[in-house]
Amino acid sequence: MDKVRAAADDRKREYRVEELAEAAGITTRTLRFYRERKLLQPPRKEGRIAWYSEEHLARLRMIGELLDRGHTLGGIAELIGAGESGRDVAELIGLEAAIVAPWSDETPVRLDWEELKTAFGDQLTEENTAESIAQGYITVEEGGITHVSRRLMDATTELVAEGVPLSAVLDASRRTREHVDAIAEIFIDVVSEHLLSALAADTPLPPGEAARLTERIMRVRPLARTVADAQFALAMDRRVHAEYDQLLRQRRENGSEAQPEDDSSEA
């Protein structure tokens, strides 16, 4: 019974402004600034003394966590305002995290200049290097370069080893990027229109809707990659067969043109 009473007393603990600031790891000036920005709900007043609760401390810790994640105070105020309008702040944060979470799982790779010369030889030119930088794949450092994707870097070196010029690989990369950007935009439009349209509305989300949207986003993400991969494979099938049929036709036409004329008079 005493433990229950003690736990209840802890939950009901109240803080003066200096005590609350110390518990939250901020200054009293910062705490008052948060109050002015309406990031913190008003305290309970007892005479001239302001008393803050555990809820205030939890709010301050949440603000600190959001600031560490890169949120601005204006964005935090919007999230808190949404939570106080019936939307749960934690659910909204989870939805935001699901929307902006990285799609790629690429790992960077660093190569020094000797490794690059071994891989590309005299194709390691200023023009090719500038093109790689322009496409956003490499950053040049004093001792070499860092590529954003080990998989792309490995594929590039293997293509060059198979006889494809580095300039041709970079050209294909640039053109491919234009198309995949267009594909990504199509998926963004579909998701925005059919899954996230409620976020653009002026009315608050119903309770629990942010959590439901988060679950839907997490289910759709792998489906989008599956569709893109399957469509690419089917497109390759179509193009390979078309190109091969054209090659066969050209060979037959060239072969018929090379056949000597039948001169039966000499027989």
Side-chain angles (χ1 to χ4, degrees), residues 1-105 188 190-222 224:
M1 189 68 179
D2 291 340
K3 291 182 179 180
V4 173
R5 187 179 296 111
D9 290 341
D10 288 341
R11 286 194 298 270
K12 295 177 181 178
R13 179 181 176 184
E14 291 186 314
Y15 305 82
R16 292 175 181 262
V17 62
E18 296 83 2
E19 296 171 335
L20 180 66
E22 183 179 359
I26 60 175
T27 64
T28 55
R29 182 177 179 180
T30 299
L31 191 153
R32 291 190 175 97
F33 175 72
Y34 289 166
R35 277 200 57 192
E36 292 170 3
R37 294 290 300 269
K38 300 190 183 304
L39 296 173
L40 206 63
Q41 59 269 49
R44 181 180 69 84
K45 287 293 187 69
E46 188 176 287
R48 299 180 61 183
I49 301 177
W51 291 101
Y52 294 87
S53 67
E54 291 289 341
E55 286 75 16
H56 290 96
L57 179 58
R59 171 69 62 83
L60 288 173
R61 287 171 175 168
M62 183 191 71
I63 292 171
E65 183 178 337
L66 290 173
L67 288 172
D68 289 341
R69 293 186 186 183
H71 290 265
T72 64
L73 286 177
I76 294 172
E78 184 177 348
L79 284 171
I80 290 174
E84 291 174 348
S85 299
R87 286 182 281 174
D88 184 82
V89 175
E91 288 186 0
L92 286 169
I93 295 171
L95 176 58
E96 180 194 42
I99 293 172
V100 303
W103 283 67
S104 67
D105 53 1
I188 291 296
V190 169
V191 171
S192 297
E193 180 178 356
H194 298 286
L195 297 183
L196 300 181
S197 58
L199 294 180
D202 294 333
T203 57
L205 289 177
E209 182 63 17
R212 286 190 288 272
L213 286 175
T214 300
E215 293 175 358
R216 294 177 72 183
I217 290 294
M218 298 308 294
R219 290 195 299 267
V220 165
R221 284 170 63 99

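Computed from a predicted model, the values in this text were never measured in an experiment.
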Got a list of side-chain donor-acceptor pairs under 3.5 Å for residues 18-33, not counting sequence neighbours?
from, atom 1, to, atom 2, distance (Å)
Glu19, OE1, Arg16, N, 2.9
Thr27, OG1, Thr30, N, 3.0
Thr27, OG1, Thr30, OG1, 2.9

Quick one: do Val17 and Tyr52 satisfy side chain to side chain contact (heavy atoms under 4.5 Å, CB included)? Show the steps, please.
-> CA-CA 7 Å; Val17 62; Tyr52 294 87; 4.0 Å; yes
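- Not counting sequence neighbours, the partners of Glu46 by the side chain to side chain donor-acceptor pair (under 3.5 Å) test are Arg44.
- Atom NE2 of His56 is separated from atom CZ of Arg35 by 7.5 Å, given to the nearest 0.5 angstrom.
- The line from CE of Met62 to CD of Glu55 is 12.5 Å long, rounded to the nearest 0.5 Å.
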Run the salt bridge (Lys or Arg N to Asp or Glu O under 4.0 Å) check on Glu209 and Arg212 step by step: do they pass?
-> CA-CA 5 Å; Glu209 182 63 17; Arg212 286 190 288 272; 3.1 Å; yes
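- Interatomic distance, CG of Leu40 versus CG of Leu60, reported as 5.0 Å (0.5 Å rounding).
- Rounding to the nearest 0.5 angstrom, the gap separating the CZ atom in Arg219 from the CD1 atom in Ile217 is 10.0 Å.
- In this structure, CG on Leu57 lies 12.0 Å from CZ on Arg59, to the nearest 0.5 angstrom.
- Between atom OG1 of residue Thr72 and atom CG of residue Leu66 there is a gap of 10.0 Å, rounded to the nearest 0.5 Å.
- Take Glu65 and apply the side chain to side chain donor-acceptor pair (under 3.5 Å) test, not counting sequence neighbours, and it matches Arg69.
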